[in-house]
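Atom set for the values below is all heavy atoms of this structure, side chains included, hydrogens, waters and symmetry mates excluded. One-based numbering along the sequence shown.
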Amino acid sequence: MADHYRSRVIDVSTGSVESVYDLTADCADFLREEAGGSDGLLNVFVPHATAGVAVIEMGAGSDDDLLAALRDLLPADDRWRHRHGSPGHGRDHVLPALVPPHATLPVVGGRLELGTWQSVVLVDTNRDNPRRQVRLSFLA
């Protein structure tokens, strides 16, 4: 199994603001080093109760639109039963139900097989946790 499975944890600084952090280059670097030109699957996983992984277009406003939509769906106010941390922090714990903490993506010839405008991103609305870890796993 060790010949067919590789895994690495990367650290990401998202700061103290809501963010959509592009992981695509990190995924490509990992695959270049670990996939050896093989076909397989890349799993991207965030081991956090208040963050998620998405595949979206970056740089054309979609990232800001995603955060705006999440603000509409999950307002940072006092309606949440989960009440520690920043005001409205309970909504951050609901986020992974809408933006799951993982994505599994095809790898062909050692390269991530994304569409032209697709990027792999970490979605983090939690202003209380500026450091995140992301586990990248390749299964040949």
Side-chain angles (χ1 to χ4, degrees):
M1 182 73 170
D3 293 341
H4 304 289
Y5 177 80
R6 300 281 191 265
S7 188
R8 175 182 304 158
V9 174
I10 61 171
D11 293 312
V12 175
S13 177
T14 57
S16 59
V17 296
E18 298 173 334
S19 63
V20 176
Y21 182 91
D22 194 343
L23 298 167
T24 310
D26 296 299
C27 293
D29 290 345
F30 169 71
L31 290 170
R32 192 171 23 264
E33 295 169 16
E34 301 293 346
S38 300
D39 294 350
L41 297 172
L42 173 69
N43 184 264
V44 182
F45 176 72
V46 293
H48 300 282
T50 59
V53 176
V55 177
I56 65 168
E57 179 179 5
M58 287 290 289
S62 297
D63 43 338
D64 291 331
D65 289 342
L66 173 59
L67 291 174
L70 290 171
R71 278 185 222 109
D72 289 345
L73 290 170
L74 305 171
D77 58 22
D78 65 355
R79 74 183 69 203
W80 308 101
R81 290 185 181 104
H82 188 107
R83 292 186 184 265
H84 75 84
S86 297
H89 173 66
R91 66 135 184 185
D92 300 325
H93 287 273
V94 176
L95 173 77
L98 301 175
V99 181
H102 60 88
T104 300
L105 306 160
V107 175
V108 177
R111 297 176 56 125
L112 196 54
E113 193 72 7
L114 292 173
T116 302
W117 305 111
Q118 290 181 316
S119 295
V120 182
V121 300
L122 169 67
V123 180
D124 187 2
T125 58
N126 183 355
R127 299 182 316 254
D128 296 336
N129 189 354
R131 302 285 310 155
R132 297 299 185 157
Q133 291 188 325
V134 179
R135 177 169 294 281
L136 304 175
S137 302
F138 175 69
L139 179 62

Contacts of Asp128 meeting side chain to side chain contact (heavy atoms under 4.5 Å, CB included) (sequence neighbours excluded), chain-then-number -> Ser86, His89, Asn126

Judged by atom type as modelled, is there a donor-acceptor pair below 3.5 Å linking the side chain of Asp39 to the main-chain atoms of Gly109?
yes

So how far is it from Ile56 CD1 to Asp22 CG, rounded to the nearest 0.5 Å?
8.5 Å

Salt bridge (charged side-chain N to carboxylate O under 4.0 Å, His left out) partners for Glu57, two or more places apart
none

Roughly how far, to the nearest 0.5 Å, is the CZ atom of Arg71 from the CG atom of Asp77?
13.5 Å

Is it the case that the side chain of Trp80 and the backbone of Pro87 share a donor-acceptor pair, with hydrogens and angles ignored and the cut-off at 3.5 Å?
no

Could you tell me whether the side chain of Ser16 and the main chain of Arg127 form a donor-acceptor pair under 3.5 Å?
no

If I compare all heavy atoms of Glu34 with all of Phe138, which pair ends up nearest, and what's the gap?
O-CD2, 4.4 Å

So, the side chain of Arg131 versus the backbone of Asp11: is there a donor-acceptor pair under 3.5 Å, distance only?
no

For Asn129 and His48, the nearest pair of non-hydrogen atoms, with its separation, is ND2-ND1, 4.1 Å

Same cluster or not: are Leu66 and Val134 linked, directly or through other Ile, Leu, Val, Met, Phe, Trp or Tyr residues, by side-chain heavy atoms under 4.5 angstrom apart?
no

Is there a continuous path of hydrophobic side-chain contacts, each under 4.5 Å between heavy atoms, that joins Leu122 to Leu136?
yes

Shortest non-hydrogen contact from Ser137 to Tyr5?
OG-OH, 3.2 Å

Looking only at non-hydrogen atoms, find the nearest pair between Ala49 and Pro96 and report the distance.
O-CG, 3.3 Å

When clusters are formed by joining ILVMFWY residues with side-chain heavy atoms under 4.5 Å apart, either directly or through shared neighbours, do Met58 and Leu23 land in the same one?
no

Go through Arg135 and Asn43 one step at a time and tell me if the side chain to side chain contact (heavy atoms under 4.5 Å, CB included) criterion holds.
CA-CA 8 Å; Arg135 177 169 294 281; Asn43 184 264; over 6 Å; no

Going hydrophobic residue to hydrophobic residue with side-chain gaps under 4.5 angstrom, can you get from Leu98 over to Phe45?
no

Would you please test Val44 and Phe30 for side chain to side chain contact (heavy atoms under 4.5 Å, CB included) and show each step?
CA-CA 11 Å; Val44 182; Phe30 169 71; over 6 Å; no

Mind telling me whether His82 and His93 have parallel, tilted or perpendicular rings, with 30° and 60° as the class edges?
tilted

Can you tell me which residue pairs pass the side chain to side chain donor-acceptor pair (under 3.5 Å) test with a partner in residues 110-122, sequence neighbours excluded?
none

Nearest 0.5 angstrom please: Thr14 OG1 to Arg132 CZ, how far?
6.0 Å

Set out, in order, the CA-CA distance, both residues' side-chain angles and the distance that settles side chain to side chain contact (heavy atoms under 4.5 Å, CB included) for Val12 and Val46, then state yes or no.
CA-CA 10 Å; Val12 175; Val46 293; over 6 Å; no

Heavy-atom closest pair (Val107 atom, Ser38 atom, distance to 0.1 Å) is CG1-O, 3.7 Å

Chi angles and distances behind the side chain to side chain contact (heavy atoms under 4.5 Å, CB included) call for Leu112, Leu105
CA-CA 7 Å; Leu112 196 54; Leu105 306 160; 3.7 Å; yes

Quick check: closest heavy atoms across Arg91 and Leu74, and the distance to 0.1 Å?
CD-O, 2.9 Å

Linking I/L/V/M/F/W/Y whenever any side-chain heavy atoms sit under 4.5 Å apart, do Val120 and Leu95 land together?
no

Min side-chain heavy-atom separation Val121-Asp63 under 4.5 Å
no

Can Asp124 and Ser19 be counted as having a side-chain donor-acceptor contact under 3.5 angstrom?
no

